[in-house]
Amino acid sequence: MYKNGTFHIENISAKTIVNSTGTPVFVYSKAVLYKHLNAYLNALRNHPCYCTDYTSHLLCYAVKANSNLSILKYIASQGAGFDIVSAGELERVLIAGGSPDKIVFSGVGKNYDELKKALDAGVYCFNVESEAELFILQAIAKQVNKIAPVSLRINPDVDANTHAYISTGLKENKFGIDINQAEALYHQATQCSHLSVKGIDCHIGSQITQLQPFVDAADKILNLADRLMSAGIHLTHINMGGGLGVNYADEQVPSITDYVNALCNRTGKRKLRLLLEPGRSVIAEAGVLISRVILTKNNGYKHFAIIDAGMNDLIRPALYGAKHRIVPLLDEGRDTANHYDIVGPVCETADCFAKQLHIDLNKDDYLVILNAGAYSMSMASNYNSRPRATEVMVDADQWKIIRRQETTEDMLRTETPYISGE
C-alpha cells in the first residue's frame, strides 16, 4: 500500500528498509501472515471435530512454501502444525518450536535417515506414498522398536486445473498410491507389527483457483474412508492437503473460509479429524521482493529494465510462466509512452519478470514485486554464484532482518579446490 506516495509494508516505508539493507530484499508483513493463518485456524474452529481421539481439526503449514525460522516460529506460536517433506524441514520446525505431535511427514522419496529421524522425533503421522515406502518404514520401526503412525497418500486422479508442474493428483503424476490399489494396501498395513494406521492423505496440486477439484477429491477420499471403516479399519483423520491459490495477477480465488467450509461440510459428522496443509495461501501475500533498476536499455526493438533481482531469487516466472504484479516503490505518477520488459541479470533469457509493463523507469528506481512470500526464497539458489537475498519481517512500526544476505564466503564455505595429484 502507498502512504504519501511511497510503498509501505504495514507502517514501515519500503524506502527505509532498502536504504538500510540494499536490494534485492524480501520483506514480509506479520499482519498479513496473521490474517491468512488465522483465517484457516478460525474457520477450522467453527466446525466441531467428531473424532473420539481428538478434540479439534489440525492445520499443518506446508514448510516448503517458506521455511524461514522466524516465520515458522510465529506459525508455531499460533498453535498450528507443520507439513514437512525432508529431514532438513523437520530440523527447522523443531528449532522454531514446532510440536512433533503436530507434524506430518510427506514426500515421495523419504530416505532411511529421514524416516528414522522423524520416528525418533515422534511425528504425528507419516504420509506414505508407495507400497515400497510402507514396508521400508515397517522395517525401520521394527529395527528401533517403535510404532510408526501412517496414512496412505492416495492419488484420486482428479484434475486440479493448474499448471502441469504443480499438479499432483493425476494418474501420470509421481505422487501417491492409485485409489484403486488403496484398499488392499490398507489391509496389508494393518498386518504390519510396527505400523499404526491413522488416516488417509490426499493432495491434488497447488495454485488451484476453483473449489470443485477439492470437493471431487474429498468425495473420493471420504468414500474410501467409509469403505475402510466398514471393513473394520479404524481411521482417525483424513488429510486433504493444501493447494488453494492466491491472486497473483487477476485470478479469481475462493476465500479461505469458503475452502475450509466446503471440506468440513463434506466431512460432515464422520468421526474423522480433518487435516489441511496450506502453504502458498498462508504466506504468499505476506511477502514482497524489492529490487533496484540497474539500468534501462533500448535495443531498437523494445525497452528493457534490468533489475538486481534475478531468477535465482524468484524462479516462479521462469519455471512456471507465473505472473506477479509489479509496482514502483515511489508512486510519482510519471507519464510514459514506454513499455518495459522487466528482466534480471542472470545469463538466461528466461530471467524475465514481466513483459511490456507500462511504467516510467530510470536507473536506480526501485520496483516492488508483489505476492512473493511463497516459493520464492524457499526455491532460491546461487545460480551464477549470486548470493541469496536478505529477508526482513515487519511488525507494525518495527522491522528486523530475519536472514542476512549471503556473502561470497558463505557460498564457498563448503567447497575445497582440488586437482588430482596435488
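Everything numeric in this text was worked out from a predicted model, so none of it was measured.
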> Got more than 12 heavy atoms from elsewhere within 6.0 Å of CG, Asn299?
Replying inline: yes
>> Can you confirm whether Val104 sits close enough to Leu58 that some side-chain heavy atom of one is under 4.5 Å from a side-chain heavy atom of the other?
In response: no
> Just how far is it from atom CD1 of Ile326 to atom CG of Leu370, taken to the nearest 0.5 Å?
Replying inline: 8.5 Å
>> Under the ring pair (Phe, Tyr, Trp, His ring centres under 6.0 Å) definition, can you give me all pairs with a residue in residues 69-90, not counting sequence neighbours?
In response: none
>> Between Thr296 and Ile306, is the side-chain contact (heavy atoms from CB on, under 4.5 Å) condition met? List the steps.
In response: CA-CA 6 Å; Thr296 62; Ile306 294 89; over 6 Å; no
> Taking all non-hydrogen atoms of both residues, which atom of Phe353 and which atom of Pro317 are closest, and how far apart?
Replying inline: CD2-CG, 4.0 Å
> Under 4.5 Å between any side-chain heavy atoms of Lys355 and Ile342, yes or no?
Replying inline: no
>> If only side-chain N and O atoms count, and only distance matters, is there a donor-acceptor pair under 3.5 Å linking Asp113 with Asn111?
In response: no
> Any side-chain heavy-atom pair from Lys15 and Val18 closer than 4.5 angstrom?
Replying inline: yes
> What's the verdict on side-chain contact (heavy atoms from CB on, under 4.5 Å) for Leu272 and Met229, showing C-alpha distance, side-chain angles and the deciding distance?
Replying inline: CA-CA 11 Å; Leu272 291 169; Met229 289 189 288; 4.0 Å; yes
>> Let me confirm one number: the CG-CG distance from Asp341 to Leu357, rounded to the nearest 0.5 Å.
In response: 9.0 Å
>> Less than 4.5 Å apart, side chain to side chain, heavy atoms only: is that true for Val392 and Thr390?
In response: yes
> Side chains of Asn382 and Ser385: do they bring a donor and an acceptor to under 3.5 Å?
Replying inline: no
> Would a distance-only check, ignoring hydrogens and angles, find a side-chain to backbone donor-acceptor pair under 3.5 Å from Gln207 to Val246?
Replying inline: yes
> Between the side chains of Asn19 and Thr16, does any donor sit under 3.5 Å from an acceptor?
Replying inline: no
> Distance-only, no hydrogens or angles: does the Glu415 side chain make a donor-acceptor pair with backbone N or O of Arg413 under 3.5 Å?
Replying inline: no
> Is the shortest side-chain N to carboxylate O distance from Arg266 to Asp216 below 4.0 Å?
Replying inline: no
>> Could you tell me if the side chain of Leu90 sits less than 4.5 Å from the side chain of Val93, heavy atoms only?
In response: no
> Is Asp365 salt-bridged to Arg292, cutoff N-O under 4.0 Å?
Replying inline: no
> So with a 6.0 Å cut-off around OH of Tyr383, is the heavy-atom count from everything else above 12?
Replying inline: yes
>> Between Asn155 and Gln181, do the side chains contain a donor N or O and an acceptor N or O under 3.5 Å apart?
In response: no
>> Tell me the closest heavy-atom pair linking Ala372 and Leu289, and the distance in Å.
In response: CB-N, 3.9 Å
> For the side chain of Asn223 and the backbone of Asp219, is there at least one donor-acceptor N/O pair under 3.5 Å apart?
Replying inline: yes
> Quick one: does Glu10's side chain have a donor or acceptor within less than 3.5 Å of a partner on Ala396's backbone?
Replying inline: yes
>> I'd like to know if the side chain of Thr236 and the backbone of Lys198 have a donor-acceptor N/O pair within less than 3.5 Å.
In response: yes
>> Would you say Arg386 and Asn312 are linked by a side-chain donor-acceptor pair, where the criterion is simply a distance under 3.5 Å?
In response: yes
>> Using a 6.0 Å cut-off, check whether atom NZ of Lys302 has over 12 heavy atoms from anything other than its own residue.
In response: yes
>> Tell me whether Lys102 contacts the main-chain N or O of Gly79 through its side chain, where contact means a donor paired with an acceptor under 3.5 Å.
In response: yes
> Of all heavy-atom pairs between Ile359 and Leu367, which one has the smallest distance, and what is that distance?
Replying inline: CD1-CD2, 3.8 Å
>> Using every non-hydrogen atom in the two residues, find where Leu274 and Met240 come nearest and quote the distance to one decimal.
In response: CD1-CG, 4.0 Å
>> Hydrogens and angles aside, do Arg45 and Tyr40 bring a side-chain donor and acceptor to less than 3.5 Å of each other?
In response: no
> Looking at the rings of Tyr259 and Phe214, which for Trp means the six-membered one, are their centres under 6.0 Å apart?
Replying inline: yes
>> To the closest 0.5 Å, what do you measure between SG (Cys352) and CD1 (Ile307)?
In response: 9.0 Å
>> Less than 4.0 angstrom from a charged side-chain N to a carboxylate O is my criterion; do Lys400 and Asp395 meet it?
In response: no
> If you look only at pairs with a residue in residues 279-302, which of them pass as a ring pair (Phe, Tyr, Trp, His ring centres under 6.0 Å), with sequence neighbours excluded?
Replying inline: none
> Are Leu69 and Arg92 side-chain neighbours, meaning at least one heavy-atom pair lies under 4.5 Å?
Replying inline: yes
> CG of Leu244 to CD of Glu277: how many Å apart, nearest 0.5 Å?
Replying inline: 14.0 Å
> Short question: side chain of Asn265, backbone of Asn261 - any donor-acceptor pair under 3.5 Å?
Replying inline: yes
> So does Lys35 have more than 12 non-hydrogen atoms from other groups sitting under 6.0 Å from NZ?
Replying inline: no
> Which pairs pass ring pair (Phe, Tyr, Trp, His ring centres under 6.0 Å) with one or both residues in residues 45-72, sequence neighbours excluded?
Replying inline: Tyr54-Tyr124
> Would Glu89 and Lys64 count as a salt bridge (charged side-chain N to carboxylate O under 4.0 Å, His left out) if you check the C-alpha gap in whole Å, the side-chain angles of each, and the deciding distance to 0.1 Å?
Replying inline: CA-CA 8 Å; Glu89 289 188 350; Lys64 59 184 174 288; over 6 Å; no
> When you check the side-chain N and O atoms of Asp101 and Ser99, is any donor under 3.5 Å from an acceptor?
Replying inline: yes
>> Strictly distance-based, threshold 3.5 Å: is any side-chain N or O of Arg325 a donor or acceptor partner for the main-chain N or O of Ala249?
In response: yes
> Short question: side chain of Asn338, backbone of His303 - any donor-acceptor pair under 3.5 Å?
Replying inline: no
>> side-chain contact (heavy atoms from CB on, under 4.5 Å), that's the test. Do Ser106 and His203 meet it? Break it down for me.
In response: CA-CA 10 Å; Ser106 305; His203 191 295; over 6 Å; no
>> Let's go through Phe105 and Lys110 carefully: what are the C-alpha distance in whole Å and the side-chain angles of both, what is the deciding distance for side-chain contact (heavy atoms from CB on, under 4.5 Å) to 0.1 Å, and is it a yes or a no?
In response: CA-CA 9 Å; Phe105 195 176; Lys110 313 175 192 72; 3.9 Å; yes
> What heavy-atom pair brings Cys202 and Ala217 nearest, and what distance separates the two atoms?
Replying inline: SG-CB, 4.2 Å
> Just by distance, with hydrogens left out, do Asn66 and Tyr28 show a side-chain donor and acceptor under 3.5 Å apart?
Replying inline: yes
>> Closer than 3.5 angstrom, by distance alone: can the side chain of Thr6 be matched with the main-chain N or O of Tyr2 as a donor-acceptor pair?
In response: no
> At their closest point, which heavy atom of Ile154 faces which heavy atom of Ala182, and how far apart are they?
Replying inline: CD1-CB, 3.5 Å
> Is atom CD of Glu251 surrounded by more than 12 heavy atoms (other residues, nucleotides or ligands) closer than 6.0 Å?
Replying inline: yes
>> Once rounded to the nearest 0.5 Å, what's the spacing between atom CE of Met377 and atom CD of Glu391?
In response: 4.0 Å
> So do the side chains of Cys264 and Leu44 get within less than 4.5 Å of each other, counting heavy atoms only?
Replying inline: yes
> Could you state the interatomic distance from OG (Ser77) to CG (Leu37), rounded to the nearest 0.5 Å?
Replying inline: 8.5 Å
>> For Lys220, is the NZ atom crowded, meaning more than 12 foreign heavy atoms sit under 6.0 Å from it?
In response: yes
> Do Glu285 and Asn371 have a side chain donor and acceptor closer than 3.5 Å?
Replying inline: no
>> I'd like to know if Asp53 pairs up with Arg273 as an ion pair, taking the criterion as any Lys NZ or Arg NE/NH1/NH2 lying under 4.0 Å from an Asp or Glu carboxylate oxygen.
In response: no
